[in-house]
Amino acid sequence: MKHYYVLLNADGFITVWSSEKQEGFLKIEASEDDFNKLDFVRVENGKAKVDEQRRQQIIKEYEASTLTEIDKLKMQNIELRDSILDLAIIVDGLGGELE
């Protein structure tokens, strides 16, 4: 176990790690394996502890929100199409001709 310095969020999970003393940071002990793991590590009795249930929840949320590159391109294509249609309506309303 090594000493590290951390900041916690309102739920008590580590959001920032430092290997050097920082003003306003909490000094804790943690294994090198846990160093820099965010959002699912708590501090209990001055020691870092991985909350496995929270870790699994974060993994599931990430996997559910991950879009493939093709999905991202499809969404951009739809947004561009909608923008072009909006511009066409504006041009038509101003009396312009669309070619």
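No experiment lies behind these values; they were computed from the predicted model shown.
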For residues 48-56, please give each side-chain donor-acceptor pair under 3.5 Å, one per line with the distance, not counting sequence neighbours.
from  : atom 1 : to    : atom 2 : distance (Å)
Asp51 : OD1    : Gln53 : N      : 3.2
Asp51 : OD1    : Arg54 : N      : 3.0
Glu52 : OE2    : Arg55 : NH1    : 2.7
Glu52 : OE2    : Gln56 : NE2    : 3.0
Arg54 : NE     : Asp39 : O      : 3.1

Once side chain to side chain donor-acceptor pair (under 3.5 Å) is applied, do any residues pair with Ser31, and if so which ones, sequence neighbours excluded?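 Partners of Ser31 by the side chain to side chain donor-acceptor pair (under 3.5 Å) criterion, ordered by chain and then number, come out as Asp34.
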
By side chain to side chain donor-acceptor pair (under 3.5 Å), which residues pair with Thr68, not counting sequence neighbours?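 Side chain to side chain donor-acceptor pair (under 3.5 Å) list for Thr68, sorted by chain: Asp71.
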
About how many Å separate [atom2] of [Y] and [atom1] of [X], when rounded to the nearest 0.5 Å?
X	Y	atom1	atom2	result
Asp92	Leu85	CG	CG	12.0 Å
Ser19	Asn36	OG	CG	8.5 Å
Glu29	Lys2	CD	NZ	12.5 Å

Tell me which pairs pass salt bridge (charged side-chain N to carboxylate O under 4.0 Å, His left out) where either residue lies in residues 72-86, with sequence neighbours left out.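 For residues 72-86: none.
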
With sequence neighbours excluded, give me every salt bridge (charged side-chain N to carboxylate O under 4.0 Å, His left out) pair touching residues 13-28.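 Listed by first then second residue: nothing to list.
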
Check whether Asn9 reaches the backbone of Asp11 with its side chain - one donor and one acceptor, N or O, closer than 3.5 Å.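 Yes.
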
With the 4.5 Å side-chain cut-off for hydrophobic clustering, are [X] and [Y] part of the same group?
X	Y	result
Val16	Ile28	no
Ile14	Leu7	no
Val41	Ile59	no

Filter on ring-ring contact (aromatic ring centres under 6.0 Å, His included), then keep only pairs touching residues 35-59, sequence neighbours left out; what's left?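 Listed once each, the pairs are Tyr4-Phe35, Trp17-Phe35.
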
Just wondering, more than 12 heavy atoms not from Leu80 lying within 6.0 Å of its CG?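 Atom CG in Leu80 is crowded, with more than 12 foreign heavy atoms closer than 6.0 Å.
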
Just checking Met75: does its CE atom have more than 12 heavy atoms from other residues, nucleotides or ligands closer to it than 6.0 angstrom?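 Open.
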
Minimum side-chain heavy-atom gap Leu8-Val43 below 4.5 Å: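 The answer is yes, as the side chains (C-beta and beyond) meet within the 4.5 Å cut-off.
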
